[in-house]
Amino acid sequence: MSARFGLRSCALFATSATTVVAIACTAAHADSDTEEKILLKGSTTASYYWDDGSGRNGDTGMPASGKPMQKGLAASPSWPLLTEGYVVYKGKKLPFFVGDRGPGVPSNRGIMLDLDAKTFAELTGGRFNPNSLSVDGVGGQGHIKIDYVITKWGDGVGKKNYPVPFSTGAWGRKDTNPAKPPKVVAEEEPAEVKTPEAKSAEVEPAEEPAGGKAVAAPVGHPVTPKTEAEESSAVSGVLLTGALAMAGGGVVLGHKRLRRLIKR
């Protein structure tokens, strides 16, 4: 056995420790990236359209954002252009971005989002008809109740809050006071209602030990389950501790072998 072998052992342990640390850090970073920022949540009635620039359905041509008509492009009466988010209908979730203005008069009746026909067709189980620019297979349905979530506001003019009718002119004014993002509150289990008999008994005996008397244990302090973030942090900590232990053990092992070789 040579001194070179001891040095190789140290290098091997150090490399393994570095790899474990890198994996732990990557896992922690991935957990933080999975959280999606929600800026606004609500519901409304949505219609649909498809503007191919021909004017055959009464459309005026190129969408207001300058983006070509495409799946995911929606029209809003008040949100800033290029605002992004997604809609949910009967469990189906599809993304959209605000690329146009509208609907006009219907927005006075609470129809606050005009989806593209292809998105509308996928949500409702219909088929987009490229000849009529309409949706077939839905029995003539043209409006649906949807939930919406905004994940990014556009930088231009428009109201960064719950939508308002086109006639208000909010689409043409700069909004410097956007809506506060909704707070996500974890659901809590209802507090246990204690009876007078239960209130009088604040402690209960634990299991009787092998040698004699039972020890009283406090009641009413349940252990709070760890959240996913805490579990992830705990796993990362274990990995990091293991990595450091491996690195330290490798150095000690290599050092002892070197000492034995030198004594020889």
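Note that the numbering runs from 1 along the sequence shown for the chain. It should be emphasised that the depicted structure is a prediction, and the values quoted were computed from it without experimental measurement.
- Taking both residues in full, the closest heavy atoms of Ala117 and Trp50 are given as N-CE3, 3.8 Å, listed atom of the first, atom of the second, then distance.
- Every residue two or more places apart in sequence or in another chain was checked for a side-chain hydrogen bond (donor to acceptor under 3.5 Å, both in side chains) with Ser76, and none qualifies.
- Other residues, nucleotides and ligands contribute over 12 non-hydrogen atoms within 6.0 Å of the NZ atom of Lys174.
- Follow the hydrophobic side-chain contacts under 4.5 Å out from Phe96 and you never reach Phe166; the two are in separate clusters.
- A heavy-atom distance below 4.5 Å is not found between the side chains of Lys160 and Trp79.
- For Lys71, the salt bridge (charged side-chain N to carboxylate O under 4.0 Å, His left out) partners two or more places apart in sequence, or in a different chain, are Glu122.
- Applying the side chain to side chain donor-acceptor pair (under 3.5 Å) test to pairs two or more places apart or on separate chains, those with a residue in residues 140-150 are Thr45-Lys145.
- Asn108 CG: more than 12 foreign heavy atoms inside a 6.0 Å radius.
- Each ring pair (Phe, Tyr, Trp, His ring centres under 6.0 Å) pair with one or both residues in residues 99-124, not counting sequence neighbours, appears once here: Tyr48-Phe120.
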Steps toward side-chain contact (heavy atoms from CB on, under 4.5 Å) verdict (Phe128, Leu133): CA-CA 7 Å; Phe128 172 66; Leu133 305 183; 4.1 Å; yes
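- Cluster membership for Val149 and Met112, using ILVMFWY side-chain heavy atoms within less than 4.5 angstrom, is not shared.
- Nearest approach of Ser47 to Pro103, heavy atoms of both residues: OG-CG, 4.2 Å.
- The heavy-atom pair separating Lys41 from Tyr162 by the smallest distance is O-CE2, 3.2 Å.
- Closest approach of Ala74 and Leu113 over heavy atoms only: CB-CD1, 4.2 Å.
- Taking CG from Asn161 and CD1 from Ile150, the interatomic distance works out to 10.5 Å, rounded to the nearest 0.5 Å.
- In the hydrophobic cluster analysis, where Ile, Leu, Val, Met, Phe, Trp and Tyr join through side-chain heavy atoms closer than 4.5 angstrom, Val135 is grouped together with Leu94.
- The salt bridge (charged side-chain N to carboxylate O under 4.0 Å, His left out) contacts involving residues 129-139 comprise nothing, where partners must be two or more places apart or lie in separate chains.
- Among residues at least two apart or in separate chains, there is no salt bridge (charged side-chain N to carboxylate O under 4.0 Å, His left out) pair with a member in residues 85-114.
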